[in-house]
Structure formats: C-alpha cells, structure tokens
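Everything below concerns the one structure shown next.
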Protein chains: 2
Amino acid sequence: MRENKYMLIYNELADKIQKGKIESNSMLPSEYILAEQFSTSRETIRKALNLLSQNGYIQKIKGKGSVVLDVKKFDFPVSGLVSFREIAESSGKAWRTNVHELVLVKPDETLCQHLKISGKEEVWQVIRSREVDQENIILDKDYIRRKFVPTITKDICEVSLYQYFEKNLGLVISFAKKEITVEEATEEDYKYLDMKEYNHVVVVRNQVYLDDTSLLQYTESRHRLDKFRFVDFARREHR
Amino acid sequence: MRENKYMLIYNELADKIQKGKIESNSMLPSEYILAEQFSTSRETIRKALNLLSQNGYIQKIKGKGSVVLDVKKFDFPVSGLVSFREIAESSGKAWRTNVHELVLVKPDETLCQHLKISGKEEVWQVIRSREVDQENIILDKDYIRRKFVPTITKDICEVSLYQYFEKNLGLVISFAKKEITVEEATEEDYKYLDMKEYNHVVVVRNQVYLDDTSLLQYTESRHRLDKFRFVDFARREHR
DNA sequence: AAGTGGTCTAGACCACACG
DNA sequence: GTGTGGTCTAGACCACTTC
C-alpha cells in the first residue's frame, strides 16, 4: 500500500481508539510529542488529528490538548457514502439482494433532471430489493449512465455496484448529494417490499459524482418506516 | 473578529461562488497564483480550498486544478448543526414557536442514559411546537442540564435557545450526534401537532456537546411526515 | 517539459489554559 | 512561565495531467 504518513498515523490512532486501547476521556500526547514519537513534523501530526476530529474520534481544546471521545462507531448505518453491502456486512446480519430489473432505458423528464442529462443518453435501470432477516425492507432504484458503465450483469447487482465501479472499472466515486424525505408508498413499493401495515416509505435520493465532477448515478432508496435509521456526527460551523 | 487569513479567503471565495461571481464548472486559479493574489503562502491557500471542498463548493483534481461546483446552497435545511430559528429565517416563511412547557425536572431512566448523568441532577424540560404557515408541524422536546444553564425564560424559548446559550451564556457548542428514525405518533404528538391523517412522526434525536466535550443537551425533534426533509453533502472516504 | 495539486518539513509567532 | 493547540511561512519533492 502506498499510504501517506498522516493516513498511517490517523489509521493507527483511530484503530486504537475504536478498540479501546486508548481510553475515552483520556488525553492524547501533545502534538509535539506525537511528532517525535512518529518521527515526523508537527504539521503532519496535525493533519492526522484533524481527521480524527472531523470523524468524531477526538476533541481538540486550545491550550489543553486532545480529548479522546467515546466512539461507538459500530453504531453508524447510513452516514456518509457507504453502500448497502458495506453496511450489511459490518452489521453481521443475514442479508440478500433480489434483482428485479436490469435494463437499458431512455430517461423520462424527471430522471433527466436528476441526472442532468438529455433524454437521448442511455441509462441502466436497476431495481433491487434488500432482504434482511427474511424480510424485504429496502427497495433500491438505481439509474446509471451507460456512458461510464458499458455493461452490468445480474451477478454484479447481487453483490455490489460500487465495488464493481471502483475495483473493476476504475471509477473513483468522490461525493454525493443526499436528500431524505417520507412519501406515500407506491405500487412498486407494495409489489417488492414486505410492507406490513405501513403505507409510507422513507425515500433517500442520492446523486453520486465521480472525482472529475461528472454525475455517474441517481439512486432512490426506499425504506420501510420501521427499519430506517440514520445517524450522523456533525460539527458546528462557527462564524 | 477572529480573522484568520484562510477563513477570510474561504469566505471570499465561497461568497463569490454562491453569488455566481465565479461560474460553476469553471476552474479556480492555481494554488500558486492564488497564493500570490492573496499575498500569502500556498499552505494557507490550501487550507481555504480544503474547506471549500469539504463544504461542496469545489472539487480538487490532481494535476488539473479546482473545479467550481454548482451549489444551490439555499437548498439545505437540516444538514450539520443548525437551529430551527436559523433554518426558518433563511427559508423566509412565516414561522412561530409555541412554548408548552418550561420546567425543572429530575430525569427518568431513559433520559439519564441519553444525557449520561445521574438521576439527581436537575434538568430543564422545554416542550415547544413549531408553527409554519399556520400549522404545527414540529414538536421539539429539549432537556438541558441546569448545571450549565441556571435560568431559562419563556421569551428565550420563543426566540432561540442556541442563541441564548452562545451569545448570553458564552457556551460554545461544538458537535452533536444525531439519529433519525420514524416512530408511531404518541399522545403528545397528537396533542401539540396538527397531525392530519398521519400516525407516524420522524424523530430526530440529538445529543449536543460543548467544546470541552461535556454533554449540554438532549433534544427530540418530532416532525410530521410530510414536512420532513433532510439534505446532506457527503464525500466518500477512500481506504 | 511545464503546470497542477498532494505531501512533508522545520521553523516561527500567537492565544489560551493552568499552576 | 511553561505547555498546549492554531496559524502562517518558504521551501522541497512527488504524482499526475497536458502538451
């Protein structure tokens, strides 16, 4: 692995904090001391510490030092940009993906808006439901620009689209805009999900961008109400 | 004002991008040139640019430069750590806060867990509903440790607790852990909200921390389904 | 080859916390 | 006063893109 020095330091410290090898509420060594310990400069240490701070591992206090926060990171499901597979696997529950549709389409008007493209461009439509503990609780509707992804197979859809994009196609997913709302369930939801008595779903709309800022994919993730959970760590912007 | 050089540069560029004075999809000048223009060092420019990147204003591409993204920032309501008042005011809609309860209580067991305190500590209980366009659509239940906030008045609750904490009490709110779920409406919800035909609410649970890492406040924000919206900008962590 | 962003260094001065 | 994190500098080398 060609790892940056500050990333190595970040990973080492994050790992120790997560595993409790560094106690929460204790103080990290000062930046000067860390710089010495890792035989590096203070600015490099600071890069690592700022990452820890951004991700909720520590709190830096001017004049005092860096306090280790108590992270229960095994607690986060949908924060940031993570695929269903990554979440499902880390949760340890039995899960399965059912592929209902995998076709090339010309986008209609709303879809053009979401994908910011013309109606002539071809787009993959993938419809999948996610089964956890024998219940279909999430309906994922993915629309992917064929321009970036020439072929998709059913097998790929059952494992992970993201993994395929990144490992096999070399696409670098960089950022996303996410919107969460609650809407009335559609016929599609009733068809593919085990809806029980619920008549609404949580809808997570996602626009996924590559590192060259082009829009790769639009995704609608529809969750049964009782199975939806989103957790987030946020720092306040002071102005 | 604490005017860091990199903050000044960040604010100036963010402002220009938001107002369209720098076109989206255009390139920023290179870091070397910006350093010259702002008569500063490249590392300082890089701090400003990294902030822009984190907040979705630009995308940095190695070997090429920084692309200006098209931000419609008037689009985000609940991302990060913002109070209802800040959101309501920037949305421009008519809003009002109705205070239903403002009392000192000893926390019960669940509340103790959320606040991570013993049952002996006194806590302010504030229950408010938020009225937008003549409809009560959000029920906010705040629990604030009296240890940090000796007194609260009804007037303060009607305006903004955060503003009071920060401007009057000098408390510095630093970060929060947020959880979003959907739950069955309680009697309280029916009592204080205009629930229409809905029988569920979106529940946003928030633990708010000060800059010395102590927990100040636990908040439950209960939204009528149709009026809830959360948007987020997320960058992918590559490992 | 020239230009770009990414990393890293060794030093400097400041503001803040604490004894 | 001493130690801490926050800011800033001027320079270096690297990897990548483009010509």
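- For A:Y6 and D:dC14, the OH to C1' distance is 14 Å, given to the nearest whole Å.
- With respect to the salt-bridge test (charged N to carboxylate O, under 4.0 angstrom), the residues A:R128 and A:D142 qualify.
- Residue B:Y32 is in base contact, counting any heavy-atom pair closer than 4.0 Å across all strands shown.
- In summary, B:D140 and B:R130 engage in a salt bridge, as defined by a charged side-chain N under 4.0 Å from a carboxylate O.
- Along DNA chain C, the nucleotide nearest A:R42 and the nucleotide nearest B:E43 are compared for position; the residue whose nucleotide lies closer to the 5' end is B:E43.
- Here the C1' atom of nucleotide D:dG5 and the CZ atom of A:R46 are 6 Å apart, to the nearest Å.
- Residue contacts shown for A:L49 are absent, as no nucleic acid heavy atom lies under 4.0 Å away.
- Counting only residues at least two apart or on different chains, no ring-ring contact (aromatic ring centres under 6.0 Å, His included) pair has a member in residues 16-44 of chain A.
- Read 5' to 3', the first and last nucleotides of DNA chain C with an atom closer than 4.0 Å to a heavy atom of chain A are C:dT7 to C:dC18.
- With hydrogens and angles left out, the side-chain atoms of A:N55 and A:Y10 include a donor and acceptor closer than 3.5 Å.
- One side chain, A:S174 or B:Q59, offers a donor N or O that lies under 3.5 Å from an acceptor on the other.
- Atom NZ of A:K147 and atom CG of A:L115 lie 11.5 Å apart (nearest 0.5 Å).
- The main-chain N or O of B:V149 is found under 3.5 Å from a side-chain atom of B:W124 such that the two form a donor-acceptor pair.
- Side chains of B:Y218 and B:Q207: a donor-acceptor N/O pair is absent below 3.5 angstrom, by distance only.
- Rounded to whole angstrom, the span from the NZ atom of A:K47 across to the P atom of D:dG5 amounts to 18 Å.
- Each of A:G63 and A:T44 was matched to the nucleotide of DNA chain C holding its nearest heavy atom; the match closer to the 5' end belongs to A:T44.
- Atoms NZ (B:K60) and P (D:dT17) sit 16 Å apart, rounded to a whole Å.
- Sorted by residue number, the members of residues 24-31 of chain B with any non-hydrogen atom under 4.0 Å from DNA chain C read B:S30, B:E31.
- Contact check on B:K60 versus A:D211 returns no salt bridge, with no Lys/Arg side-chain nitrogen under 4.0 Å from an Asp/Glu carboxylate oxygen.
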